[in-house]
Amino acid sequence: MTLVIFGGTAAYHLKLEEFATVGERRVVETPFGDSAAFVRLNPDAEAIWFSSRHGEGGLQRSAAFVNHRANVWAARDLGAAVILSWNGVGAIAPGLAVGQAVVPDDVLDMTRARLATFALPDVRVPSGSPFDAAWRARLIDACDALQIPCATHGTYVCTEGPRLETAAEIAMYGWGGSAVVGMTLAPEVWLAAELEIPYASLCIVTNMATGRWHLDPRRDFGPGIGAMGLRVTLAAAQANASSQTP
Ligand code: HPA
């Protein structure tokens with residue numbers, strides 16, 4: 001089974017060889033342009049392709065400029081049977097702390113200027129949560145195993161960016177039931193749904209959302225966030241692989 005991991009916040013800080021054996025690197029040509037680079041991890045084992053959405057070696061593309069269509073199409077071309085991702089987020093719901101995980105179970109998509117569909121004539125994404133229940137559970141179990149505090153439910157509101165939100169916007173999203181805010185999950189999750197690739201996301205709280213800074217002024221976009229994202233997604237992948245070994 002081939003698994004794709006899209007790395008978000010701080011993925012570009014990671015030295016991948018500290019986490020896995022690193023194999024081939026590929027940029028995939030797609031009808032939507034070139035994808036971000038994909039790197040094969042642990043090439044002797046089950047296929048895992050890792051891609052840092054925002055670039056390699058540094059932040060090259062902020063969220064609003066990621067070519068999600070090329071990246072998800074490339075994941076499909078590489079044979080993805082599942083996509084896991086991590087997404088840095090601001091905390092809206094009370095009780096969430098910087099550095100903890102949230103595995104979202106719903107999305108409020110407030111993006112408005114992104115190419116959000118492959119426009120395939122015969123595809124209709126079903127209503128309801130776009131997240132895969134079994135893979136959500138694997139991410140939650142991986143957090144438990146790694147002793148990372150993890151909220152097991154929550155709505156992710158995706159904003160357009162590149163600007164951050166106003167306090168009024170965050171207040172409105174909070175009233176609407178959103179737990180965390182970020183800029184990267186849409187349209188990636190919808191594009192995966194169009195291609196019927198199961199998808200689950202590990203959100204990592206990097207800061208309190210605008211208007212909530214008095215609760216905790218910390219902002220953490222450092223390598224520890226990327227390390228956590230990769231450790232948890234790899235642990236979920238490996239737990240799945242070993243459960244399938246006869
Ligand atoms: N807002 C939007 N995106 C984010 C934030 C935020 O506060 N933190 C990390 N990604």
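We count ligands from 1, going down the list as the structure has it; atoms in each ligand are counted the same way.
- Formation of a donor-acceptor pair under 3.5 Å by the Glu56 side chain with backbone atoms of Ala37 is not found in this model.
- Every atom of ligand 1 is numbered from 1 in the order shown, and the set under 4.0 Å from a heavy atom of Glu165 is 1 (N), 2 (C), 6 (C), 7 (O).
- Put simply, the side chain of Arg138 never gets that close to the backbone of Asn240: no donor and acceptor are under 3.5 Å apart.
- The residue Thr9 has no part lying near ligand 1, judged by heavy-atom distances below 4.0 Å.
- Looking at Thr233, its side chain never comes within 3.5 Å of a backbone N or O of Ile5 through a donor-acceptor pair.
- Asn42 contributes atom CG, which lies 5.0 Å from atom OG1 of Thr21 (distance to the nearest 0.5 angstrom).
- Close contacts between ligand 1 and Gly88 involve ligand atoms 9 (C), 10 (N) [criterion: under 4.0 Å to a heavy atom].
- Ion pairing between a basic and an acidic side chain is recognised when a charged N comes within 4.0 Å of a carboxylate O; Glu18 and Arg231 show no such pairing.
- When ring centroids are compared, Phe50 and Phe6 stay outside the 6.0 Å threshold.
- Near Gly182, with a cut-off below 4.0 Å to any heavy atom, the atoms of ligand 1 are 2 (C), 3 (N), 4 (C).
- The single protein non-hydrogen atom nearest to atom 8 (N) of ligand 1 is Asn207 OD1, 2.7 Å, given as residue, atom name and distance.
- Summary of contacts: the protein heavy atom closest to atom 4 (C) of ligand 1 is Val181 O, 3.7 Å.
- Inclusion of Phe221 in the set of residues having an N or O under 3.5 Å from an N or O of ligand 1 is not warranted.
- The ligand atoms of ligand 1 that sit less than 4.0 angstrom from a heavy atom of Thr206 are 8 (N), 9 (C).
- The residue from Val82, Leu185, Leu191 that alone fulfils the side-chain contact (heavy atoms from CB on, under 4.5 Å) condition with Tyr199 is Leu185.
- Between Val157, Asp220, Leu164, it is Leu164 that holds the heavy atom closest to atom 6 (C) of ligand 1.
- Checked against a 3.5 angstrom limit, the closest N/O atoms of Gly90 and ligand 1 fall inside it.
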